[in-house]
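When reading the values below, keep in mind they use all heavy atoms of this one structure, side chains included, and skip hydrogens, waters and symmetry mates.
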Amino acid sequence: MTPYDIPDLSLVVLVGISGSGKSSFAATQFDPFETVSSDVCRGVVSNDPNLQSATKDAFELVEFIVAKRLAAGLLTVVDATNVQPASRKALVRLAREHDVLPVAIVLDVPEPICAERNATRVDRTFGRDVLRRQHQQLTRSMRGLTKEGFRTVHVLDGVEAIEAAQFVRTPLRSDRRDARGPFDVIGDIHGCLGELQTLLTTLGYTIRRDEQGRAVGAVPPEGRTALFLGDLVDRGPDSAAVLRLVMGMVAAGEALAVPGNHEHKLVQALRGRKVNASHGLAETLAQLEHESEEFRREVLEFCDGLVAHLVLDDGRLVVAHAGLVEKYHNRASGRVRSFALYGDTTGETDEFGLPVRYPWAQDYRGPAMVLYGHTPIPEPEWVNNTMCLDTGCVFGGKLTALRYPEREIVSVPAERQWYAPAKPLGEFVRETDSLDLTDVIGPTGVETALRGRVSIRAENAAGALEVMSRYAVAPHWLAYLPPTMAPCSSSTRDGYLEYPTEAFDAYRKLGVGTVICEEKHMGSRVVLVLHRGSGGIAYTRTGRRVFDEDLTRELVTAAEKAFERAGLWNELDSSSVIVDCELMPWSVKAEGLVRSQYAAVGAAARADLAAEGALLARAAARGLPVGDRVDRQARRSVNIERFAAAYRGYLWPTAGLEGVSLAPFQVLATANELLVDRPHEWHLGLADRLADADPTLFTGTERITVDLDSEASVLAGARWWEELTAAGGEGMVVKPAANGPTGKVQPGIKVRGRDYLRLIYGPDYTEPGQLASLRERTLAHKQSMALREYALGIEALQRWVDKEPLWRVHQAVFAVLAMESEPVDPRL
């Protein structure tokens with residue numbers, strides 16, 4: 001057998017005249033689905049594989065199938081004569097479009113043998129002149145297949161060579177999926193030898209030196225491998241020494257490396273080609289002049305032999321100097337290499353004369369982590385499972401590595417600014433995270449751990465994204481939106497629409513034994529996100545900033561200090577936290593609503609009732625039978641006063657943060673852990689400590705625990721609610737005390753006070769006729785929404801904790817807002 005190598009992902013074009021045995025050859029060398037036959041496609045489009053008039057349609061089908069297979073990353077073989085340049089040109093174009101290597105396998109069988117074979121086939125009716133013409137075309141083609149674009153050409157000369165051939169699939173040079181790490185991925189070095197040695201030592205490597213004391217390698221901690229992201233040279237003080245160290249590590253199996261654009265340019269210069277020796281290249285060439293000719297030759301061979309990108313750890317990690325979009329992973333073409341070395345630019349230049357780069361990471365949605373460098377940034381940060389590790393060491397920043405798979409960042413400061421950047425390092429900032437409608441909607445909905453797939457209506461998702469794009473805080477803050485809450489079932493108790501008994505019964509029926517009843521604060525729902533020592537944000541349940549930038553900063557600073565005084569940062573062992581809160585007073589965010597909807601109603605009703613009362617008094621004085629009307633007017637007067645008292649209790653003046661209060665009721669998550677399965681008493685205990693640490697900003701939440709198997713405890717819970725609402729409280733929220741609800745167990749059921757409900761259903765809702773009608777309200781849709789939105793909220797938090805790409809977090813976050821557009825009674 002004679003072995004021949006073909007790339008594992010390639011477009012294999014069989015070239016041979018009719019009767020040369022292409023179909024038999026394909027059947028022995030390749031799997032059945034890998035081969036696309038022109039004869040089969042001719043039969044598909046015409047029911048006759050030999051109908052020459054169907055050839056055009058057949059080859060359109062061939063090209064369609066080939067394109068689909070190549071897009072899926074599947075090796076594909078085209079079984080056709082392919083002796084004409086035009087037919088091969090179309091196939092080479094397809095290979096280039098999908099960034100795979102075109103390979104030609106020529107079956108050069110003598111024309112007489114092919115004629116003899118065709119004579120035995122009843123389906124071959126063309127004459128000998130056709131074979132002669134095909135053979136002439138084949139002979140002419142073999143001279144220029146490489147020039148046509150075929151990366152590899154295998155010519156099998158004669159029947160014996162064909163029978164002896166054995167084609168072996170070899171991985172692309174970029175395919176290192178067998179290398180699983182762990183890795184220490186190091187960003188752009190640019191000749192900074194001292195910083196590189198310091199970083200390697202910090203990572204636990206032991207520098208190896210030659211007899212002259214030069215660093216020629218670095219022994220890694222057991223099992224680890226260094227991985228260099230290119231731009232080893234230029235601008236810095238000792239590019240030659242950096243090359244010596246990195247080359248030694250790669251040769252010894254201590255490291256892997258990909259080239260940067262500066263290595264690419266260095267190769268051209270070392271080959272003697274005319275290049276512009278700018279951006280530090282002149283200095284590198286000068287440093288190499290002091291080295292031996294042998295060393296310079298080794299540098300050329302090393303840099304020229306580097307593969308533009310590597311796919312590692314079973315495809316979970318991709319490294320390239322300038323990054324790589326998903327469709328280029330493990331592909332091979334000039335444009336893949338160009339993207340990996342230089343990235344993609346818009347064609348514009350900024351005010352510093354530098355190219356404006358297309359922010360490909362914002363649109364990245366691939367499952368593989370992509371690590372890259374090329375564009376210096378002050379601090380590395382995750383964007384959609386990608387991270388830039390060039391932190392501008394040569395410009396006076398720092399040299400950074402990422403431990404993979406641990407995701408731990410390790411940096412060492414630059415010894416000095418070795419090279420003045422074209423623009424200040426702080427100006428190299430990442431684009432603001434973007435939002436994409438396709439991340440929010442789709443036929444599959446959003447998968448959640450709690451409730452499986454949650455479907456979102458496309459029109460609702462589009463509306464939610466529109467709201468977010470116009471009014472929301474920066475996307476990277478949005479890890480959670482609070483879900484809606486289901487009310488309790490309608491009560492049959494005289495004069496009440498809602499009463500605690502129904503909430504207790506609902507939980508008891510689902511097997512919940514103990515619930516906690518929490519005071520329901522009347523204010524605005526707020527999500528508080530804090531980063532220890534670096535600020536945070538406070539936003540509403542629709543993702544909008546609560547206050548202006550200055551007041552938000554003041555609020556966040558005060559909250560962060562309260563966490564510090566309460567000892568919660570250390571106790572939670574995290575520098576980031578997300579807290580669900582209520583912001584009071586209600587008027588601080590809803591003053592316009594109060595004036596237009598509630599105060600106006602109260603004022604108009606008083607004027608109307610006063611006029612009605614005067615009229616009824618005159619009618620009664622004349623002896624007219626208006627007693628029922630007088631009684632009704634008296635009840636309405638009481639109702640409207642209760643209505644006014646209900647909203648007035650939630651209003652008080654504020655100035656800046658003076659008079660503003662936050663009532664936290666759940667610490668949702670830290671950077672390292674989801675906390676929603678902790679008992680509610682634990683969460684409220686943290687809230688109490690915050691209130692003790694800063695009583696001017698934080699307030700605690702009154703609560704009572706109810707044992708649903710104890711009649712006395714249930715009665716005590718109901719009495720507590722009655723006392724709370726009689727004193728002007730909004731009501732309470734009943735929750736499973738253990739938290740972490742599953743199945744049909746609601747995370748919370750609200751039981752609103754009798755007078756508070758006047759704000760929702762109107763001052764006179766307690767009138768017997770209205771109350772009877774309201775008791776028929778339908779709650780099923782609202783209850784379902786509450787469960788689905790809760791599942792989405794928890795899913796978003798879990799993805800945030802797991803450091804998943806931002807678009808994955810946003811899938812669940814925006815789905816919550818989209819569901820708020822569901823057709824449901826907003827009063828529920």
Side-chain angles (χ1 to χ4, degrees), residues 482 516-541 545-548 550-572 574-591 647-670 675 678-705 720 723-733 735 753 756:
I516 188 167
C517 304
E518 300 179 11
E519 168 192 6
K520 192 174 190 304
H521 300 282
M522 179 53 179
S524 303
R525 193 76 168 266
V526 165
V527 177
L528 183 66
V529 183
L530 300 177
H531 293 314
R532 188 179 191 180
S534 58
I537 197 71
Y539 58 85
T540 69
R541 67 189 312 271
R545 187 189 296 272
V546 174
F547 297 124
D548 62 33
D550 291 338
L551 195 55
T552 297
R553 188 181 304 110
E554 186 179 343
L555 172 69
V556 165
T557 300
E560 184 190 342
K561 289 180 179 177
F563 263 76
E564 197 73 63
R565 286 195 293 271
L568 295 184
W569 288 122
N570 292 335
E571 183 173 323
L572 296 173
S574 176
S575 59
S576 299
V577 67
I578 301 177
V579 187
D580 210 350
C581 308
E582 195 80 5
L583 176 73
M584 297 167 289
W586 187 30
S587 54
V588 78
K589 292 301 294 177
E591 185 174 357
Y647 72 76
R648 285 174 183 157
Y650 309 124
L651 314 178
W652 60 82
T654 61
L657 287 186
E658 186 178 347
V660 172
S661 180
L662 276 175
F665 48 86
Q666 192 159 202
V667 180
L668 297 165
T670 68
L675 300 174
R678 301 284 184 95
H680 280 293
E681 191 58 60
W682 178 84
H683 289 276
L684 294 174
L686 298 187
D688 290 343
R689 289 164 59 184
L690 288 171
D692 291 339
D694 187 351
T696 62
L697 178 61
F698 288 106
T699 186
T701 296
E702 297 296 324
R703 66 268 192 185
I704 184 174
T705 301
W720 185 78
E723 293 168 358
L724 186 70
T725 56
E730 177 186 344
M732 71 181 183
V733 179
K735 303 176 180 178
Y756 172 78

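- Put simply, the side chain of H531 does not reach to within 4.5 Å of the side chain of V556, judged on heavy atoms.
- Side-chain contact between D580 and P482: present, with at least one pair of heavy atoms (C-beta onward) separated by less than 4.5 Å.
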Stepwise side-chain contact (heavy atoms from CB on, under 4.5 Å) check, L572 with L675 = CA-CA 10 Å; L572 296 173; L675 300 174; 4.2 Å; yes

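- Using a 4.5 Å heavy-atom threshold, the side chains of V579 and L686 count as separate.
- For residues 555-567, every residue pair satisfying the side-chain hydrogen bond (donor to acceptor under 3.5 Å, both in side chains) rule, not counting sequence neighbours, is listed here: R532-E564.
- When every heavy atom of S574 is checked against every heavy atom of S576, the shortest pair comes out as OG-O, 2.8 Å.
- With a 4.5 Å cut-off on side-chain heavy atoms, E582 and T701 do not count as touching.
- Ion pairing of D692 with R689 is absent here, as no side-chain N (NZ or NE/NH1/NH2) approaches a carboxylate O to less than 4.0 Å.
- Side chains of F665 and H521 form no contact here, defined as non-hydrogen atoms less than 4.5 Å apart.
- Between T725 and G731, the shortest heavy-atom distance links the atoms CG2-CA, 3.8 Å.
- Taken from CZ in R703 to NE2 in H683, the straight-line distance is 12.0 Å, to the nearest 0.5 Å.
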side-chain contact (heavy atoms from CB on, under 4.5 Å) between F547 and E554, worked out | CA-CA 10 Å; F547 297 124; E554 186 179 343; over 6 Å; no

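- Expressed to the nearest 0.5 Å, how far CG of D694 lies from CG of L662 amounts to 9.5 Å.
- Between L697 and L690 the shortest side-chain heavy-atom distance does not fall below 4.5 Å.
- Between Q666 and H680 there is a side-chain heavy-atom pair separated by less than 4.5 Å.
- Put simply, OG1 on T540 and CG on L583 are 10.5 Å apart, with the number rounded to the nearest 0.5 Å.
- Ring geometry for F563 against W569 counts as tilted: the plane angle lies between 30° and 60°, on a 0 to 90° scale.
- Minimum interatomic distance between D688 and G700 (heavy atoms only, all atoms of both residues): OD1-CA, 3.9 Å.
- Nearest heavy-atom pair, E519 versus L724, reported as atom, atom and distance to 0.1 Å: CA-CD2, 4.1 Å.
- When all heavy atoms of P664 and L684 are compared, the closest pair comes out as O-CD2, 4.4 Å.
- Contact detail for G659 and P585: the closest heavy-atom pair is O-CD, 3.6 Å.
- The shortest distance between side-chain heavy atoms of V546 and T552 does not fall below 4.5 Å.
- Atom CD1 of I537 sits about 9.5 Å away from atom CG of L555, to the nearest 0.5 Å.
- Heavy-atom contacts from other residues, nucleotides or ligands closer than 6.0 Å to CD of E681 number more than 12.
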